[in-house]
Amino acid sequence: MSLLDCEEAFQKNNLQLLAEQYNINMADADVLQAKIWELPQLSGQINAYNPDDRKVFDVGHAKGAQVTQLIYMGGKKKNEIAFAKSNKELAQLQFAQLLVDLRAQLRTTYFDLYYEQLKLENTNKQLGYMNDLLAAYKVQSAKGNVSLKDEVRLQSIVIQLNNDKIGINKNILEFEQNLKVLTGTTEDINPQLSDSEAKDILAAQPFGDESELQKKALENNSDYQYNLKLIDNSKLYTQWQKSLNVPDLNLGAGWDQNGGTFKNEVNLMVGIPLPLWKSNKGNVDKANFAIQQNQKNADFQKLNLETKVQAAYRTWKSQYDQLAEIKTNDLNNMELVYNGMLNNFRKGNVSLIEFADFMDSYRETALQIYDMKNEIMQSAEQLNQLVQTKIFY
C-alpha cells in the first residue's frame, strides 16, 4: 500500500476515529435537548365527599382543572443553548486533534516499517554472502587448510547479523500490527514507496523559521485551540449559572365549577419563587474559578506548544544537516568499497582480519544511515503534528 492508500483506509476504517465522531453527534443531541422547554402541567380536582348530601365523589357538583407552564426568565434557555453549542465546538476540536495524532502515528509507523524492511533487505544480502563464506571456511577448517580462529571470527559476524535480523523482524511485526490497527485492515501491509519519493520527502524543507512555525502552530494547533475555546466555554457556563439565580415564572389558567366565588370560575394563575437569596451562588463562584483555571491552562499550553515546536524544529534541522553532510557520492563510494572488499577478499588480496573489521563497520554504518533517514522523517512528522498546517514544500 502506498502512503495515500493507508491514509484513505485510515479515514474510513479507524475505529478510534469512528468512535470519537459520536461525541460530536452527542453534542448535537445536547444542543437539541437544551432547546426543549418543560412540558405544561395539567392538574384537576373532584369532590371526594359532599357533606350536605352525604355523597361520595359528587363529580356533578364540584370539580376543577388547571394548566400551568414554566416560563424561563433571565435568558436561561438562551444561555443553556449557547453553552451546549460551545460544547459541540469543543468536541469538534477534540476530534480534529485525535485525527492529527492518529494520522501522525500512521505516517511515522509507515516510515518505520519502510526503513526496517530496507534494513532487513541489506542484512539478508550480507548474511547470504557471509553464510556461504562461513560454510566454505568450515570445510577448509575441517581439512586443516585454515585455522579454527578464522572460522570462529566469521561465525561471530554471522551471529551478529542474525541478531540484527531478529531485532529488525521484531520491529517489523510490531509496526505491521500498528498499521493494521490504524488502517482497520487484517492483511500485512508492504510500504509502496519508491526511492525517488523517499528522497523527495527527505529533501522537503519547512516554510519559515522557528518563530514563524510557532506562530502557525498557535493559529492551527487543535489542542491549543481547544484550551482557548475552553475559556469561552467556561464564560458561557458562568453566564448560564448566573441566569439560574433569576426566578422563573409559573403561568397558568384554572377552572373551578363550584368552589370559588363564582360558579364556573376561570382564574389566571401566576407563581414565582421569592428571591430572598441567590440559590445558585455556589455554582456561580465555582464557574468563575473555572474561568481562571482555564486561562492558566491555556497560558501553559501556549508556552508548552512554543517550546515543543522550537525543539522539534531544531531536532529536524540538526538531523537534516547531519545527513546533508553525507553526500550521494559518499554513499555510492561506500557500496563500491563494499563490493571491492568482497572481490578482493575472494582473490586473497585482503586478509580476514581486515575483511572482518570492514564488515563490522559496514554493517553498523548501513543500519545507522537508514536510522538517520527515518529520524528525519519522524522529526518532520512531529513538526507537522504540532503546527497542523502545510509547512513542508
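Remember, predicted model here, so these are calculated numbers, not experimental data. If you read the sequence from its start, that first residue is 1, and numbering goes on from there.
One distance of note links CD1 of Ile272 with CD1 of Ile71; it measures 11.5 Å at 0.5 Å rounding. Within the model, atoms CG of Leu386 and CG of Asn304 stand 9.0 Å from one another, a figure rounded to the nearest 0.5 Å. To the nearest 0.5 Å, atom CG of residue Asn294 and atom CD of residue Gln301 are 11.0 Å apart. The CG atom of Leu113 sits 6.0 Å away from the CG atom of Leu179 when rounded to the nearest 0.5 Å. Ile168 CD1 to Thr123 OG1: the interatomic distance, rounded to the nearest 0.5 Å, is 3.5 Å. The distance from the OG1 atom of Thr109 to the CD atom of Glu381 is 10.5 Å, given to the nearest 0.5 Å.
Side-chain N or O atoms of Asn131 include one that pairs as donor or acceptor with a backbone N or O of Leu127 at under 3.5 Å. Side-chain atoms of Asn344 come within 3.5 Å of backbone N or O of Gly340 as a donor-acceptor pair. Using modelled atom types, no side-chain atom of Asn122 and backbone atom of Leu118 make a donor-acceptor pair closer than 3.5 Å. Checked by atom type and distance alone, the side chain of Asn163 never pairs as donor or acceptor with a backbone atom of Ile159 at under 3.5 Å. A donor-acceptor pair under 3.5 Å links the side-chain atoms of Ser379 to the main chain of Glu375, judged by distance alone. The backbone N or O of Trp240 lies less than 3.5 Å from a partner atom in the side chain of Ser243, making a donor-acceptor pair. Using modelled atom types, no side-chain atom of Lys165 and backbone atom of Leu120 make a donor-acceptor pair closer than 3.5 Å. Lys77 places a side-chain N or O within 3.5 Å of a backbone atom of Ile36 that can act as its donor or acceptor partner. Without hydrogens or angle criteria, Asn14 side chain to Phe10 main chain gives no donor-acceptor distance under 3.5 Å. Of the possible donor and acceptor atoms, none in the side chain of Ser361 sits under 3.5 Å from a partner among the backbone N and O of Asp357.
Using a 4.0 Å cut-off between charged nitrogen and carboxylate oxygen, Lys317 and Asp321 count as a salt-bridge pair. Using a 4.0 Å cut-off between a side-chain N of Lys or Arg and a carboxylate O of Asp or Glu, Glu89 and Lys85 do not qualify as a salt bridge. Electrostatic pairing of Lys119 and Glu116 counts as a salt bridge here, judged by a charged N lying under 4.0 Å from a carboxylate O. The pair Lys88-Asp28 counts as a salt bridge, with a side-chain nitrogen and a carboxylate oxygen less than 4.0 angstrom apart.
Between the side chains of Gln140 and Glu151, no donor-acceptor pair of N or O atoms lies under 3.5 Å. For the 3.5 Å distance criterion, the side chains of Gln160 and Asp164 qualify, holding a donor opposite an acceptor. Under the 3.5 Å distance criterion, with hydrogens and angles disregarded, no donor-acceptor pair is assigned to the side chains of Asp223 and Gln97. Side-chain contact of Gln295 with Asp299: a donor-acceptor pair under 3.5 Å is present, judged by distance alone. Using modelled atom types and a 3.5 Å distance limit, the side chains of Gln155 and Tyr137 yield no donor-acceptor pair. Residues Tyr226 and Gln92 have side chains that never bring a donor and an acceptor to within less than 3.5 angstrom of each other. Side-chain atoms of Asp112 and Gln378 include a donor-acceptor pair closer than 3.5 Å. A donor-acceptor contact closer than 3.5 angstrom is absent between the side chains of Gln66 and Gln41. Using modelled atom types and a 3.5 Å distance limit, the side chains of Glu121 and Asn124 yield no donor-acceptor pair.
Lys229 has its side chain within reach of Ser86: a pair of non-hydrogen atoms, C-beta onward, lies under 4.5 Å apart. A 4.5 Å side-chain heavy-atom check between Val337 and Met341 finds at least one atom pair inside the cut-off. Side-chain contact between Leu383 and Phe392: present, with at least one pair of heavy atoms (C-beta onward) separated by less than 4.5 Å. Side-chain contact between Leu236 and Asn233 is absent, with no heavy-atom pair separated by less than 4.5 Å. In this structure, the side chains of Leu133 and Phe355 come closer than 4.5 Å at one or more pairs of heavy atoms. In this structure, Arg153 and Ile353 have side chains that are not in contact, with every pair of non-hydrogen atoms separated by 4.5 Å or more. With a 4.5 Å cut-off on side-chain heavy atoms, Tyr320 and Gln205 count as touching.
Scanning for side chain to side chain contact (heavy atoms under 4.5 Å, CB included) contacts around Ala62 gives Asn47, with sequence neighbours left out. By the side chain to side chain contact (heavy atoms under 4.5 Å, CB included) test, Asn250 is found to be paired with Leu70, residues two or more places apart in sequence or in another chain being considered. With sequence neighbours excluded, no residue satisfies ring pair (Phe, Tyr, Trp, His ring centres under 6.0 Å) with Tyr370. In this structure Ile46 satisfies the side chain to side chain contact (heavy atoms under 4.5 Å, CB included) test together with Phe57, Val59, Lys63, sequence neighbours excluded.
Closest of all the heavy-atom pairs between Pro247 and Pro275 is CG-CB, 3.8 Å. Counting all heavy atoms, side chain and backbone alike, Ser279 lies closest to Leu244 at OG-O, 4.4 Å. Pairing each heavy atom of Ala9 with each of Met1, the nearest pair is CB-CE, 4.2 Å. Across all their heavy atoms, Ala298 and Leu228 have their closest contact at CB-CD2, 4.2 Å. When all heavy atoms of Leu218 and Tyr224 are compared, the pair lying nearest together is O-CD2, 3.4 Å. The two residues Ala91 and Ala27 have their closest heavy-atom pair at CB-CB, 4.3 Å.
Around atom NZ of Lys215, no more than 12 heavy atoms belonging to other residues, nucleotides or ligands sit under 6.0 Å away.
Remark: Lys390 qualifies as a cation-pi partner of Tyr393 under the 6.0 Å distance and 45° angle criteria applied to the six-membered ring.
The other members of the hydrophobic cluster of Leu18, by chain and number, are Leu15 (side-chain heavy atoms under 4.5 Å, ILVMFWY only).
For residues 246-265, the pairs satisfying salt bridge (charged side-chain N to carboxylate O under 4.0 Å, His left out) are Lys76-Asp248, with sequence neighbours left out.
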Verify side-chain contact (heavy atoms from CB on, under 4.5 Å) between Phe111 and Leu3, making sure each step is shown before the conclusion. CA-CA 9 Å; Phe111 295 140; Leu3 185 55; 3.9 Å; yes
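Cluster annotation: Phe95 is not connected to Leu93 through the hydrophobic network of ILVMFWY side chains, with a link wherever side-chain heavy atoms come within less than 4.5 Å. Transitive grouping of hydrophobic side chains (ILVMFWY, heavy atoms separated by less than 4.5 Å) brings Tyr115 and Ile326 into a common cluster. In terms of hydrophobic clustering, with Ile, Leu, Val, Met, Phe, Trp and Tyr side chains grouped at heavy-atom distances under 4.5 Å, Leu161 and Tyr129 are assigned to a common cluster. Cluster annotation: Ile231 is not connected to Phe289 through the hydrophobic network of ILVMFWY side chains, with a link wherever side-chain heavy atoms come within less than 4.5 Å. In terms of hydrophobic clustering, with Ile, Leu, Val, Met, Phe, Trp and Tyr side chains grouped at heavy-atom distances under 4.5 Å, Leu305 and Leu230 are assigned to different clusters.
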